[in-house]
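First up is the structure itself, then whatever we jot down about it.
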Amino acid sequence: METISENQITILAGETGSGKTTQIPQFLYEAGYGERGLIGITEPRRVAAISMSKRVAHEMNLPTDVVSYLIRYEGNVTDRTKIKFMTDGVLLKEIEVDFLLSKYSCVILDEAHERSVYTDILMGLLSRIVRLRAKRGTNSLRLIIMSATLRVCDFTENRKLFLDTPPVINIDSRQYPVTVHFSKTTPADYLREAFLKTVKIHTRLPEGGILIFLTGQKEVNTMVRKLRKLFPPVSSTDGTADGKRTPDAAADDRAEEDEEFDNILRGKKARKKASSTKKRKNPSLTIPRLPQIDLDAYELPHADDTEADLHEDDHSSDSELDEDGLDGGDDEANLLDGGDLAEDLGISQLKRNQPLWVLPLYSMLPPDKQQRIFKPPPEGSRLCVVATNVAETSLTIPDIKYVVDSGRQKTKLYDKTTGVTAFVVTFTSKASANQRAGRAGRVAPGHCYRLYSSAVFNDEFVDFAPPEVQQKPVDGLVLQMKCMGIDKVVNFPFPSPPDREQLVGAEQRLLQLEALEEITTRTTLKGGTGESRTQTITRVTELGRTMAAFPVAPRFGKILALSHQHALLPYAICLVAALSVQEVLEEVGLTEEDTSESSKLWRQKRKAWAGTGESLLLGDPMILLKAVGAAEHANSKGNLEAFCTENGIRLKAIKEIRKLRVQLTNEVNANLRDMSLTVDPDMPPPTVTQMRLLRQLLLIGMTDRIARKLPESEIKVKADVRRLRHAYNLPMIDEPVFLHAGSVLRKELPEWVCFQEAFETTVSIGEVGESKTFIRGITAIEPEWLPKFVPNVCNIVDVLEEPQPPTYNATNDTIECYVKATIGKTSWPLPAALVEMPRNMQRCKYLLKFFLSGSIFKKLKPFRKSLLSSPDSVLKQYSASVPRIDAALKVLLANEVYNAARFSELWNVDSKFFLQEYREFLPVSCHDDVARWWPPKK
DNA sequence: CTCTCCCTT
């Protein structure tokens with residue numbers, strides 16, 4: 001507390017489990033920080049904010065209106081709140097309203113080592129806010145950064161972030177020691193290794209839960225199935241492993257399990273035979289093959305370092321090993337290779353073992369199934385959790401003694417220039433590996449088995465995963481920062497700055513969306529030479545501010561900002577909410593046949609939901625609208641859960657969508673007067689007109705996600721015809737892309753589409769893997785919409801006089817014209833379309849024409865017959881050599897006059913604006929008359 | 001004829 005009171009910023013270093021999150025707020029409260037303002041603590045996850053607030057309230061024996069939490073959709077904060085736990089994004093939103101955070105006496109950034117985008121930004125902002133508050137003197141702010149020990153140098157060694165290195169206080173960890181065991185080698189087939197290691201631990205090592213880290217949901221499910229077959233679960237009071245299994249089914253499983261295990265043994269023999277015959281018969285056929293992950297062909301292990309581990313446990317004089325009859329010196333390879341007798345022995349050996357209680361764990365698993373890891377396993381069973389990265393930080397499983405770490409994780413990567421995403425399995429970082437190991441030492445000393453060598457760990461594992469802000473597009477973040485008045489995002493004191501390319505890309509996309517505009521300023525250089533330098537910066541537009549007010553991605557913010565017509569808002573809100581929530585619909589027919597019946601049904605339902613005509617053209621987003629509508633209807637009848645399971649809809653997603661609809665509806669009501677929208681659980685389906693408008697709105701949001709069907713005439717090589725028959729092209733990428741098979745428009749193959757996501761994946765074609773790019777979330781669009789609704793991504797080649805010459809539209813105060821336009825770097829032609837004329841020299845010419853003819857300001861009509869140059873002559877090629885025309889155009893262009901409104905603006909500043917230029921078009925006799933009428937606005 | 005780690009306003 002002394003250090004904190006004497007320093008503006010303090011760094012607290014301690015591992016998870018050191019109790020700092022619960023202790024420090026209490027110390028601060030007791031030291032009186034609660035009387036000078038709020039004590040705020042940010043967490044990167046909602047659950048953490050809620051559970052920490054409850055725990056601290058309990059420990060301090062204070063009510064929850066004093067120790068409270070605030071997350072996106074809910075909270076229990078009151079006027080009496082002194083300690084406030086919140087998600088990091090919530091505090092960032094508060095800074096937008098109150099930059100100095102004047103309500104707070106102290107802010108704690110918890111889990112700073114996780115380097116979440118919002119925590120990073122908060123750190124940058126708070127480093128400055130603390131200084132500003134100190135300058136004001138009266139009510140200084142304390143900042144405490146809590147981080148895992150290893151990563152504090154990220155913050156202390158950053159000169160831009162903190163002027164003086166803040167003091168670092170180390171807190172002792174409460175962890176028990178974990179013995180780490182590396183493998184001698186690093187096999188590519190980590191699934192197989194994980195399986196074998198788990199079998200060994202379970203059959204040979206003392207009791208204690210096992211936690212296996214794999215990369216994805218599919219892997220987890222396969223592993224769970226394999227382990228359950230080998231070690232069948234026993235019934236418990238609250239049902240068996242999957243909660244539904246009957247004793248009969250369990251018996252069937254046991255029969256299968258025998259077969260399974262036989263296969264494991266035979267697998268080895270069969271393969272040996274195959275390889276030896278191959279060698280004899282055809283020695284040249286030794287094509288190297290990519291390692292195939294095949295859990296059905298497991299063989300039992302070759303020599304590895306588990307022997308050493310066993311010896312280690314031998315020394316700890318555990319009697320279980322002897323009971324098993326497999327003492328440390330026994331070579332299992334011998335045992336299992338030694339003929340049928342040994343084979344039987346091996347099987348019975350495993351059968352006599354205690355049951356294994358195998359549970360899957362991944363983020364998308366329904367919450368009730370996730371909860372099972374917290375319940376004790378059935379009496380006499382050993383707990384074994386097969387998990388993805390959720391178990392690394394988000395969920396802590398009790399009673400884990402053994403961790404099996406594949407050393408891999410799946411990461412989503414974004415192509416900086418194309419925006420194409422890909423999921424890639426990579427080695428984790430050293431920090432992650434240590435975090436995973438730590439999960440074995442929460443209740444007692446534990447062991448971590450790493451399925452990779454120490455050499456690979458040292459040489460190939462990076463120290464830390466790159467911070468999130470360097471991994472993801474920063475569009476939303478840039479917009480949010482610009483709204484806070486940070487014009488030069490490059491200069492922001494990021495703990496780790498996003499790379500230049502990423503920032504430039506984000507600005508470009510925001511310019512396309514018209515959330516930002518370019519401002520060119522001219523500054524005269526010092527030195528009296530009169531030299532000047534132009535500088536272009538981007539700044540938020542009015543539209544940009546409206547977009548940013550909505551807590552969704554900028555593209556979706558724009559859709560909402562433009563939906564204030566034709567009673568579209570309820571649909572736009574529902575659509576944006578559904579598109580913002582990930583994984584609403586469960587995948588259909590993707591995995592094995594076990595779900596074929598229900599998945600066939602789901603597919604039919606979705607096809608029916610898609611409808612025909614405009615509805616079908618709205619495509620996959622239409623399915624979402626219908627799914628949400630139907631789910632809410634089912635909910636009002638009280639059978640939401642059944643409806644979700646029947647239709648392959650994620651219950652959690654539906655609940656999230658509902659909350660988001662409420663939040664967005666409130667935001668709309670707050671910003672638009674005369675709006676009192678409600679969330680209607682029985683929203684009627686959109687009309688045909690509304691569906692068409694929704695397609696246009698989607699296109700406007702998806703400016704950078706447009707694709708065109710590759711015409712067959714453009715397929716040059718005959719051999720490619722089959723491969724490229726259903727291919728699409730993106731405007732800026734050469735590689736073909738394909739409609740994802742899950743899309744309802746899959747068979748329709750519309751000429752032009754916009755999409756929600758493009759991702760690359762490796763598809764196995766025969767024996768080899770080939771990378772292929774798919775687009776999903778498809779909506780059909782009409783090409784003539786492109787120049788009209790997304791002019792910023794089109795190239796306008798020519799203004800057309802046919803079918804109709806350009807006209808002045810008085811209602812919108814714009815000039816409209818038909819244009820010939822193209823899109824993409826290879827200039828795909830677009831049909832002629834009626835658009836607002838681009839704001840350039842040509843626009844000025846037409847404006848001048850309409851100005852002279854009196855179509856813009858009626859008061860000038862009487863002068864028309866006296867004009868010395870006709871309105872149409874302005875458009876002629878020779879006009880540049882007519883001085884009065886040339887002079888007028890130069891003035892208009894220099895002052896960016898493209899419509900009547902701009903004239904009015906300028907007349908407010910200078911009422912004589914354009915008077916002289918106009919008089920040049922008239923004989924001297926009219927000049928006095930004109931001056932009397934000037935300015936000619938109403 | 002086919003994907004998906006984890007989070008957040």
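Values reported hereafter were calculated over all heavy atoms of this structure, with side chains retained and with hydrogens, waters and symmetry mates removed. As the structure is a computational prediction, the values presented were derived from the model and not from experiment. Letters go in sequence order (proteins before strands), and every chain restarts at 1.
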When you measure from the side-chain N and O atoms of [X] to the phosphate of [N], is any distance below 4.0 Å, counting only OP1 and OP2?
X: Arg776(A); N: dT4(B); result: no
X: Gln480(A); N: dT9(B); result: no
X: Thr87(A); N: dT9(B); result: yes
X: Thr411(A); N: dC6(B); result: no
X: Ser363(A); N: dC7(B); result: yes
X: Lys410(A); N: dC5(B); result: yes

Between [X] ([atom1]) and [N] ([atom2]), how many Å, whole number?
X: Tyr69(A); N: dT9(B); atom1: OH; atom2: P; answer: 12 Å
X: Tyr362(A); N: dT4(B); atom1: OH; atom2: P; answer: 14 Å
X: Glu770(A); N: dT2(B); atom1: CD; atom2: P; answer: 11 Å
X: Asp475(A); N: dT9(B); atom1: CG; atom2: P; answer: 19 Å
X: Trp602(A); N: dT2(B); atom1: CH2; atom2: P; answer: 20 Å
X: Arg408(A); N: dC5(B); atom1: CZ; atom2: C1'; answer: 16 Å
X: Leu413(A); N: dT4(B); atom1: CG; atom2: C1'; answer: 13 Å
X: Lys652(A); N: dT4(B); atom1: NZ; atom2: P; answer: 20 Å

Of the listed nucleotides [options], the one nearest the side chain of [X]:
X: Ser394(A); options: dC6(B), dC5(B), dT2(B); result: dC6(B)
X: Val390(A); options: dC6(B), dT4(B), dT2(B); result: dC6(B)
X: Ile71(A); options: dT8(B), dT9(B), dC6(B); result: dT9(B)
X: Lys412(A); options: dT9(B), dT8(B), dC5(B); result: dC5(B)
X: His740(A); options: dC6(B), dC1(B), dT2(B); result: dT2(B)
X: Ala741(A); options: dC5(B), dC1(B), dT9(B); result: dC1(B)
X: Phe423(A); options: dT9(B), dT4(B), dC1(B); result: dT4(B)

Mind checking [X] for me? I need base, sugar-phosphate or nothing, with any heavy atom below 4.0 Å counting as a touch.
X: Phe738(A); value: nothing
X: Gly742(A); value: nothing
X: Thr761(A); value: sugar-phosphate
X: Phe774(A); value: sugar-phosphate
X: Gln217(A); value: sugar-phosphate

Fill in: Where Ser496(A) and Gln470(A) come nearest, the two heavy atoms and their spacing
CB-NE2, 3.4 Å
Discussion item. If I compare all heavy atoms of Ile649(A) with all of Ile654(A), which pair ends up nearest, and what's the gap?
Written reply: CG2-CG1, 3.4 Å
Practice prompt. Return the set of residues passing salt bridge (Lys or Arg N to Asp or Glu O under 4.0 Å) with Lys772(A) (not counting sequence neighbours), or none when no residue passes.
Written response: none
Worksheet item: When you check the gap from the basic side-chain N to the acidic O, do Asp720(A) and Arg725(A) get nearer than 4.0 Å?
Response: no
Discussion item. If you assign each of Tyr414(A) and Pro551(A) to its closest nucleotide in DNA chain B, which residue comes earlier from the 5' end?
Written reply: Tyr414(A)
Could you pull out all donor-acceptor pairs under 3.5 Å where a side-chain atom in residues 576-584 of chain A meets a protein atom, sequence neighbours excluded?
{"residue": "Ser580(A)", "atom": "OG", "partner": "Val576(A)", "partner atom": "O", "Å": "2.7"}

Worksheet item: Could Arg450(A) and Phe457(A) be counted as a cation-pi pair, given that NZ or CZ must be under 6.0 Å from the ring centre and within 45° of the axis?
Response: yes
Fill in: Any N/O donor-acceptor pair, Arg45(A) side-chain to dT9(B) base, under 3.5 Å
no
Worksheet item: Any donor and acceptor pair, going by atom type alone, linking the side chain of Asp620(A) with main-chain N or O of Val744(A) inside 3.5 Å?
Response: yes
